[in-house]
Amino acid sequence: MQLMLNKVFLCVFSVCLLFVTAETSCNRSKSLRSARVRKVMEENEIVPDVLDVTPTHLLEVKYGDDEVNLGNELTPTQVKDPPTYINYPFEANDFYTLCMTDPDAPSRQNPKFREWHHWLVVNIPGKDICKGEVLSDYIGSAPPKGTGLHRYVFVVYKQPECLNPTEKQLTNTSGKHRGNFKIRDFAAKYDLGDPWAGNFYQAEWDEYVPKLYEQLSN
Ligand SMILES: *[C@@H]1O[C@H](CO)[C@@H](O)[C@H](O)[C@H]1NC(C)=O
Ligand SMILES: *[C@@H]1O[C@H](CO)[C@@H](O)[C@H](O)[C@H]1NC(C)=O
């Protein structure tokens, strides 16, 4: 009897230990990840050029097989269509705001139009981007020739409530009203708090850019 109890105890004990170990290592990888997000965003001056603080979570963004990964380089051709996959921790009953913005317009050396925003969607229920309210249609990267790498920053905010935006809607057929935008000002205006999730890639001119300029001059 004693022996059996010992065995049961040992078994329960090991299972508990297994859970605790799994939880600890999961916590550790989470905090390592946030530490990496913070380090890379600060090294690349996303904080403070675009954001005051590092987003809490890493935002997953994919263009087909091409992944946005903390400053990796993608081409305008690779990002000409909206991302095919976006993921972040969410609550189904909350609304979120998603933005993609370029602080390096027309160049990182002389960012006089900082920021030129490429995409702005509010009132996204959970992570159902398609059900959100598009304020600015998606426009891919279009860095002018000879202006080097631009940073393209994705940021998601968790909204305190459903928004009633006053901004006018911008289509993907014109570049008007895209420049001199500040996502931090937009976030402050609607009380969105600190950035919830973020990521960024970098891109420079390629032969797709002239096609995009044509699209924007319609
Ligand atoms: C893991 O993190 C959660 C909250 O983030 C906390 O409640 C839990 O105690 C942590 N577990 C360990 C083993 O540190
Ligand atoms: C422009 O946006 C519309 C939706 O508003 C979309 O149907 C269309 O494919 C987009 N065009 C380009 C060239 O991205």
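Sequence positions, counted from 1, serve as the residue numbers for this chain. Start at 1 and go down the list; that is how both ligands and their atoms are numbered.
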Problem set entry | Neighbouring residues of ligand 2, heavy-atom cut-off under 4.0 Å |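 The answer is D137, N172, Q215, counting any residue whose heavy atom sits under 4.0 Å from ligand 2.
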
Exercise. Do we see a donor-acceptor contact under 3.5 Å between the side chains of H117 and S136?
Worked result: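 Present: a donor and an acceptor within the cut-off.
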
Exercise. Is it true that the side chains of S141 and Y208 contain a donor and an acceptor less than 3.5 Å apart?
Worked result: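 Side-chain D/A pair, S141 to Y208: absent.
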
Exercise. For Q215, which residues count as a side-chain hydrogen bond (donor to acceptor under 3.5 Å, both in side chains) partner, sequence neighbours excluded?
Worked result: none

Problem set entry | Set of salt bridge (Lys or Arg N to Asp or Glu O under 4.0 Å) partners for K158, sequence neighbours left out | D94

Exercise. Of all residues at least two apart in sequence or in a different chain, which pass the salt bridge (Lys or Arg N to Asp or Glu O under 4.0 Å) check with E73?
Worked result: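 With neighbours one apart ignored, the set is empty.
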
For this session: May I ask you to say whether K127 pairs ionically with E60, meaning some side-chain N is under 4.0 Å from a carboxylate O?
Result: no

